[in-house]
Colleague: 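Structure incoming, see below.
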Number of protein chains: 2
Amino acid sequence: MSQTVDRALSILPLLAEGPADLGQVADRLGVHKSTALRLLRTLHEHGLVYRQSDQRYRLGARLFALAQEAMENLDVREIAHPHLVRLNENCGHTVHLAVYEENEVLYIDKVESRYPVRMYSRIGKPVAITVAAVAKLLLADLPEHERRAVAEKLDYPSYTARSTPNAAAFLRELEKVREQGWATDLGGHEESINCVAAPIRGADGRIVAAMSVSAPNVVVTADELLTLLPLVRRTADAISGEYSGRTPVKGTV
Amino acid sequence: MSQTVDRALSILPLLAEGPADLGQVADRLGVHKSTALRLLRTLHEHGLVYRQSDQRYRLGARLFALAQEAMENLDVREIAHPHLVRLNENCGHTVHLAVYEENEVLYIDKVESRYPVRMYSRIGKPVAITVAAVAKLLLADLPEHERRAVAEKLDYPSYTARSTPNAAAFLRELEKVREQGWATDLGGHEESINCVAAPIRGADGRIVAAMSVSAPNVVVTADELLTLLPLVRRTADAISGEYSGRTPVKGTV
DNA sequence: AGCAGTGTTGCAATTCTTGCAACACTCATT
DNA sequence: AATGAGTGTTGCAAGAATTGCAACACTGCT
């Protein structure tokens with residue numbers, strides 16, 4: 001582990017909170033101003049940090065571009081996308097695709113609802129991991145000890161009365177989800193929004209991603225939404241088949 | 001400028017192209033494997049890099065989270081958002097907000113069209129800088145020499161027959177945009193999509209962001225879209241007023 | 001004008017990084 | 001089964017790169 005790089009990278013989350021000037025950065029890093037300056041300069045050269053007109057630093061444009069590019073190169077995403085679109089054309093609701101990665105679950109694709117009432121979410125945004133249907137699927141597939149470890153570490157915010165209250169309840173829910181092979185979120189994140197989700201599996205049977213259909217109560221009831229489950233599962237299975245059948249592209253680029 | 005950090009950061013764009021293993025990274029960096037390993041480890045600790053099951057590295061989830069967080073903390077975005085939503089409610093079309101930063105223009109907010117036909121774009125994605133209406137406005141405001149320098153450096157892809165063909169034409173267009181104070185893109189990016197854009201200015205009169213309304217031909221003709229120009233400009237001006245009137249919040253946290 | 005606050009540079013000490021070479025490990029092949 | 005190629009990993013010593021200092025610019029205030 002490199003100390004210099006470690007310090008430089010520590011600047012990024014710091015600036016994500018909001019712009020900061022040289023002194024503030026140096027203080028929070030616990031280094032001399034001149035050191036902070038040189039680190040910031042290096043970050044700047046790579047476009048990860050931008051210096052605004054008031055001389056303060058904030059995160060730079062290249063960061064967004066990098067994130068976008070990385071996302072678009074994800075194999076699952078590429079394969080899944082047309083399926084998601086087709087599903088959206090069939091049912092009209094918002095369709096999400098999400099992956100798990102080191103204690104975070106995040107949306108990597110989204111097709112917006114055709115209905116005027118939309119739910120708030122954004123590609124790249126970490127999802128409410130304790131309640132989202134896709135998160136339950138992704139976590140349920142972890143090896144038992146790891147699942148436990150993650151569940152203990154999490155916070156359990158009470159978004160609504162039906163939010164998962166604590167680790168024990170979450171682990172029970174994960175066990176159920178694991179057995180039935182699909183998951184729901186019925187108003188656990190936002191009072192009036194329900195989701196049904198199904199897993200996408202790789203060749204080895206492990207879950208590599210999860211997809212969901214979400215709709216607000218005012219458009220369809222939870223029961224009506226549940227009737228879409230077979231369709232969602234079929235779509236997920238189709239993606240799984242295509243994903244695992246494919247020989248991994250080992251580009252030498 | 002720090003060599004170590006420089007090398008570490010060079011890994012990111014490399015991985016943005018696609019996953020790579022240790023050897024590939026070391027080669028492309030021109031350093032020993034052990035060095036590359038230690039850099040990758042540091043990046044990994046910060047979540048910027050993820051090690052997938054086949055041991056290859058790719059960009060990590062934290063990168064997306066950082067980009068998201070940074071975006072949501074942008075002052076202009078925060079102020080503009082409700083205005084964009086209102087504009088969308090009035091006209092029904094897709095509304096974009098974009099900023100310029102070191103040779104790139106990128107969308108920082110978007111409100112989707114109410115019509116079923118949507119245009120492809122994504123928050124955080126760099127825009128087609130040579131044709132987009134918002135890009136014209138943002139570049140037109142640069143000091144003359146810088147504008148020239150940027151225009152020379154750019155590529156001019158022929159998205160459609162009406163795309164800006166070269167630097168000379170682009171500079172002429174920028175001059176026109178600069179004088180009239182608004183911009184359009186009539187099928188320059190995608191054959192059937194038109195946009196009108198207006199600038200958002202800070203207290204000093206400089207353009208800090210630009211917003212646009214976009215719609216495909218099949219919904220409204222270019223002429224009809226142009227009738228929205230006054231509304232777009234009024235919205236942009238309202239945002240400008242609110243943005244420049246506000247005293248900068250100097251939070252210590 | 002003078003002053004406080006902030007950002008910037010040259011330099012010497014020493015810390016931190018680097019490359020090497022040897023070692024583990026996995027996987028495919030004979 | 002065993003060998004070998006390919007890849008990832010670690011300890012160590014040499015040397016290079018980073019660090020903090022202190023002095024210097026610069027800007028905006030009082």
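Worth saying up front: this structure is predicted, and the values here are computed from it rather than measured. Lettering follows sequence order; numbering is per chain, from 1. Below, each value reflects all heavy atoms present in this structure, side chains not excepted, and no hydrogens, waters or symmetry copies.
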Colleague: Measure CG/Asp54(B) against P/dT26(C) and give the value in whole Å, please.
Modeller: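 After rounding, the gap between these two atoms is 16 Å.
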Colleague: Please tell me if the side chains of Glu101(B) and Arg62(A) come closer than 4.5 Å, counting only heavy atoms from C-beta onward.
Modeller: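 Answer no - side chains too far apart.
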Colleague: Just to confirm, is there a sub-4.0 Å distance from OP1 or OP2 of dG20(D) to any side-chain nitrogen or oxygen of Thr35(A)?
Modeller: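 Yes, within the criterion.
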Colleague: Looking at Ser2(B), does any N or O in its side chain come under 4.0 Å of the phosphate oxygens OP1/OP2 on dT18(D)?
Modeller: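 The answer is yes; a side-chain N or O of Ser2(B) sits under 4.0 Å from OP1 or OP2.
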Colleague: Only one of Gln68(B), His96(B), Met71(B) clears side chain to side chain contact (heavy atoms under 4.5 Å, CB included) with Ile123(B); which?
Modeller: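 Among Gln68(B), His96(B), Met71(B), the one that satisfies the side chain to side chain contact (heavy atoms under 4.5 Å, CB included) with Ile123(B) is Met71(B).
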Colleague: Ignoring hydrogens and geometry, is there a side-chain-to-backbone donor-acceptor pair from Ser244(A) to Gly202(A) under 3.5 Å?
Modeller: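 The answer is no, because no donor-acceptor pair under 3.5 Å joins these two groups.
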Colleague: Picking from dG10(C), dA21(C), dC16(C), which would you name as closest to the side chain of Arg38(A)?
Modeller: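 The closest nucleotide is dG10(C).
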Colleague: Give the nucleotide from the list dT8(C), dA17(D), dT19(D) with an atom nearest to the side chain of Arg41(A).
Modeller: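 Looking only at side-chain atoms, Arg41(A) lies closest to dT8(C).
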Colleague: Could you tell me how far apart Arg51(A) (CZ) and dT8(C) (P) are, to the nearest whole angstrom?
Modeller: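 Between P of dT8(C) and CZ of Arg51(A): 4 Å.
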Colleague: Applying side-chain hydrogen bond (donor to acceptor under 3.5 Å, both in side chains), run through Arg38(A) and Ser34(A) and close with a yes or a no.
Modeller: CA-CA 6 Å; Arg38(A) 285 180 282 240; Ser34(A) 57; 3.3 Å; yes
Colleague: What's the CG-P distance between Leu29(A) and dG20(D), to the nearest Å?
Modeller: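 That distance rounds to 10 Å.
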Colleague: Can you find a side chain N or O atom of Ser34(B) that sits less than 4.0 Å from OP1 or OP2 on dC20(C)?
Modeller: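 Checking Ser34(B) against dC20(C): no side-chain N or O falls below 4.0 Å of OP1 or OP2.
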Colleague: dT17(C) P sits how many Å from Met1(A) CE, rounded?
Modeller: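 Interatomic distance, CE of Met1(A) to P of dT17(C): 11 Å.
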Colleague: Going by atom types only, do Asp109(A) and His81(A) share a side-chain donor-acceptor pair under 3.5 Å?
Modeller: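 There is such a pair (donor and acceptor under 3.5 Å, judged by atom type) between the side chains of Asp109(A) and His81(A).
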Colleague: If you assign Asp21(B) and Thr4(B) each to the DNA chain D nucleotide with the nearest heavy atom, which residue ends up on the more 5' nucleotide?
Modeller: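 Nearest-nucleotide comparison on DNA chain D picks Asp21(B).
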Colleague: Just to confirm, is there a sub-4.0 Å distance from OP1 or OP2 of dC21(D) to any side-chain nitrogen or oxygen of His32(A)?
Modeller: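 So the side-chain polar atoms of His32(A) do come within 4.0 Å of the phosphate oxygens OP1 or OP2 of dC21(D), strictly under.
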Colleague: Give the rounded distance in Å between these two atoms: CD of Gln3(B) and P of dA16(D).
Modeller: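 Rounded to whole Å, this separation is 11 Å.
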Colleague: Grab the CG-C1' distance between Leu40(A) and dT8(C) for me, whole Å please.
Modeller: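 Distance check: Leu40(A) CG to dT8(C) C1' gives 13 Å.
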Colleague: Quick one: is Arg7(A) getting a side-chain N or O under 4.0 Å of the dT19(D) phosphate, OP1 or OP2?
Modeller: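 Yes, within the criterion.
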Colleague: Once you round it to whole Å, what is the distance between C1' of dT19(D) and CG of Leu39(A)?
Modeller: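 After rounding, the reported distance stands at 10 Å.
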Colleague: Can you tell me the distance, in whole Å, between the NZ atom of Lys33(A) and the P atom of dA23(D)?
Modeller: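 Lys33(A) atom NZ is separated from dA23(D) atom P by 14 Å.
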